[in-house]
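A quick write-up on the structure given underneath.
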Amino acid sequence: MTQQQVVLEQKDLRVDRGGVQILDIPSFCLYKNEFVSLIGPNGAGKSTLLLSLMGLMPRKSGRLSFQGEEIVSDADFLQLRRKMAMVLQEPLLFDSTIYDNVASGLKLRGMGRGDIRSRVMTYLERFNLADMAQRSARKLSGGEARRVSLARAFAVEPELIFFDEPFANLDPPTRQALTEDMDRIIRENGISAVLVTHDQSEALRMSDRIVVMNSGRLVQQGTPAAVMNHPVNEFVANFVGMETILEGEVVSNRYQQVAVAVCGQEIDTVGDAEPGENVYCCIRPENVSVSINSAPEKTSVRNLFPGTITEISSMGPFLKLQLDCGFHLTSYVTRESFTELALYEGRPVFASFKATSVHLIRRRAA
Ligand SMILES: Nc1ncnc2c1ncn2[C@@H]1O[C@H](COP(=O)(O)OP(=O)(O)OP(=O)(O)O)[C@@H](O)[C@H]1O
């Protein structure tokens, strides 16, 4: 749960590379226990911002503060870095055993041998590496190397953790398993985290806040649902893909038919989420149909909701309808259907979509 206590604050950050300004961030805050994802196209400045927040990027201007204290001297930066850990896209492991790799940050921090041993074993077990402790870190698969890199970062029990595409190029089940492990430890230990990712599902699943960047600037930030459903401009709308994202809670799961409570109504979906879990229901506008009468009794469509058209906009060959069904939905209709159904803003309609067209994503517990 996000508490409104600022742990890290960056003000008036400007970074130049090769005589060109690549970052211009008037203000960025990270709150205690908060998980923030930075998303944006290639070259937007995500990695540069991440490095700047760690105090690892030369800057033209900017003030970095930790818990209200400005970080000024080299000694301040060193002290701050002791509270941080980072996991990069390339694991960059030392040419020694897995054990030594996980122990490395603890040795640097001057921890005693016995304490190092118990701490390392704890994190090797958490990342399913205990049986491999004495193996060379040079001979690992991509997934194993990422596990070592995560165990090494979490072993120092940081207050802040920074991830730059830590799961790129991993197969989906490995990626899923690692993000779940990482998410659990972050929450259990009350760590504040910043993640750079190109995977919007990952950003949705893990984040309290999503920050969209473009051309070295912060274009929009907010809760995942706010950013995905209410992009502030065309750039963000195109970038986030314009799905409707609804926050809900699973009420039942019968043979993987999952009912999700959303704004006092139930949406039928399929998946493996369990009752009580917080989820997002993601629905693409092309999967939402609009009719004037309720659908026929016998249909495979599991979801049918009365609603009202609140906004109509042109999208070239088709029209985009915003619907209020007690929750927000977006639907695309062809111009032909639009005319045949005589649609207009304020018109009562029925919106329908199949359970199988809902993409269910587990949400970070509030
Ligand atoms: N050494 C450098 N010299 C000049 N420009 C650089 C240098 N390194 C990065 N840049 C530029 O800085 C900008 C931001 O780069 P950065 O790596 O932070 O973006 P990013 O959002 O992380 O991109 P990606 O998603 O591709 O990793 C880019 O335009 C990049 O070309």
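Computation of the quantities below employed the complete heavy-atom set of this structure, encompassing side-chain atoms and omitting hydrogens, waters and symmetry-equivalent molecules.
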Locate the shortest heavy-atom distance separating [X] from [Y]; write the atom from each residue and the value.
{"X": "V240", "Y": "Q200", "value": "O-OE1, 3.1 Å"}
{"X": "S65", "Y": "E70", "value": "OG-CA, 3.8 Å"}
{"X": "V15", "Y": "P58", "value": "CG1-O, 3.8 Å"}
{"X": "L246", "Y": "H328", "value": "CD2-O, 3.4 Å"}
{"X": "R302", "Y": "A355", "value": "CG-CB, 3.7 Å"}
{"X": "Q10", "Y": "L64", "value": "OE1-CD1, 3.3 Å"}

[X], [atom1]: over 12 other non-hydrogen atoms inside 6.0 angstrom:
{"X": "R117", "atom1": "CZ", "answer": "no"}
{"X": "Q79", "atom1": "CD", "answer": "no"}
{"X": "E69", "atom1": "CD", "answer": "no"}

Look only at the side chain of [X] and the backbone of [Y], and say whether a donor-acceptor pair between them is shorter than 3.5 Å.
{"X": "R119", "Y": "A155", "answer": "yes"}
{"X": "T308", "Y": "P348", "answer": "no"}
{"X": "N253", "Y": "A273", "answer": "yes"}
{"X": "S61", "Y": "D12", "answer": "yes"}
{"X": "E144", "Y": "S141", "answer": "yes"}
{"X": "T179", "Y": "Q176", "answer": "yes"}
{"X": "R347", "Y": "A342", "answer": "yes"}
{"X": "N303", "Y": "I267", "answer": "no"}
{"X": "Q265", "Y": "C325", "answer": "yes"}
{"X": "D76", "Y": "S73", "answer": "yes"}

Is [Y] reachable from [X] through a run of I, L, V, M, F, W or Y residues, each pair having side-chain heavy atoms under 4.5 Å apart?
{"X": "I71", "Y": "L23", "answer": "yes"}
{"X": "M57", "Y": "L49", "answer": "yes"}
{"X": "F163", "Y": "L53", "answer": "no"}
{"X": "L30", "Y": "L195", "answer": "no"}
{"X": "F327", "Y": "V290", "answer": "yes"}

- prompt: Could you give the distance from OG1 (T223) to CE (M228), rounded to the nearest 0.5 Å?
  reply: 10.0 Å
message: Taking D181 first and then R126, would you say they form a salt bridge - that is, a charged N and a carboxylate O separated by under 4.0 Å?
response: no
query: Does a side-chain N-to-carboxylate-O contact under 4.0 Å join D272 and R362?
result: yes
field: From CA spacing to verdict: salt bridge (charged side-chain N to carboxylate O under 4.0 Å, His left out), D199, R175
entry: CA-CA 11 Å; D199 181 335; R175 200 175 173 120; 3.4 Å; yes
Return all side-chain donor-acceptor pairs below 3.5 angstrom for residues 82-98, not counting sequence neighbours, or 'none' if the list is empty.
residue	atom	partner	partner atom	Å
T97	OG1	D100	N	3.0
T97	OG1	D100	OD2	3.3

side-chain contact (heavy atoms from CB on, under 4.5 Å) between K320 and T330, worked out: CA-CA 7 Å; K320 179 172 157 186; T330 305; 3.8 Å; yes
M182 and F167: CA distance, side-chain angles, deciding distance, side-chain contact (heavy atoms from CB on, under 4.5 Å) verdict: CA-CA 11 Å; M182 175 176 131; F167 310 120; 3.2 Å; yes
field: Residues T310 and D324: side-chain donor-acceptor under 3.5 angstrom
entry: no
message: Consider side-chain contact (heavy atoms from CB on, under 4.5 Å). Of L129, L140, V148, which one does N101 pass it with?
response: V148
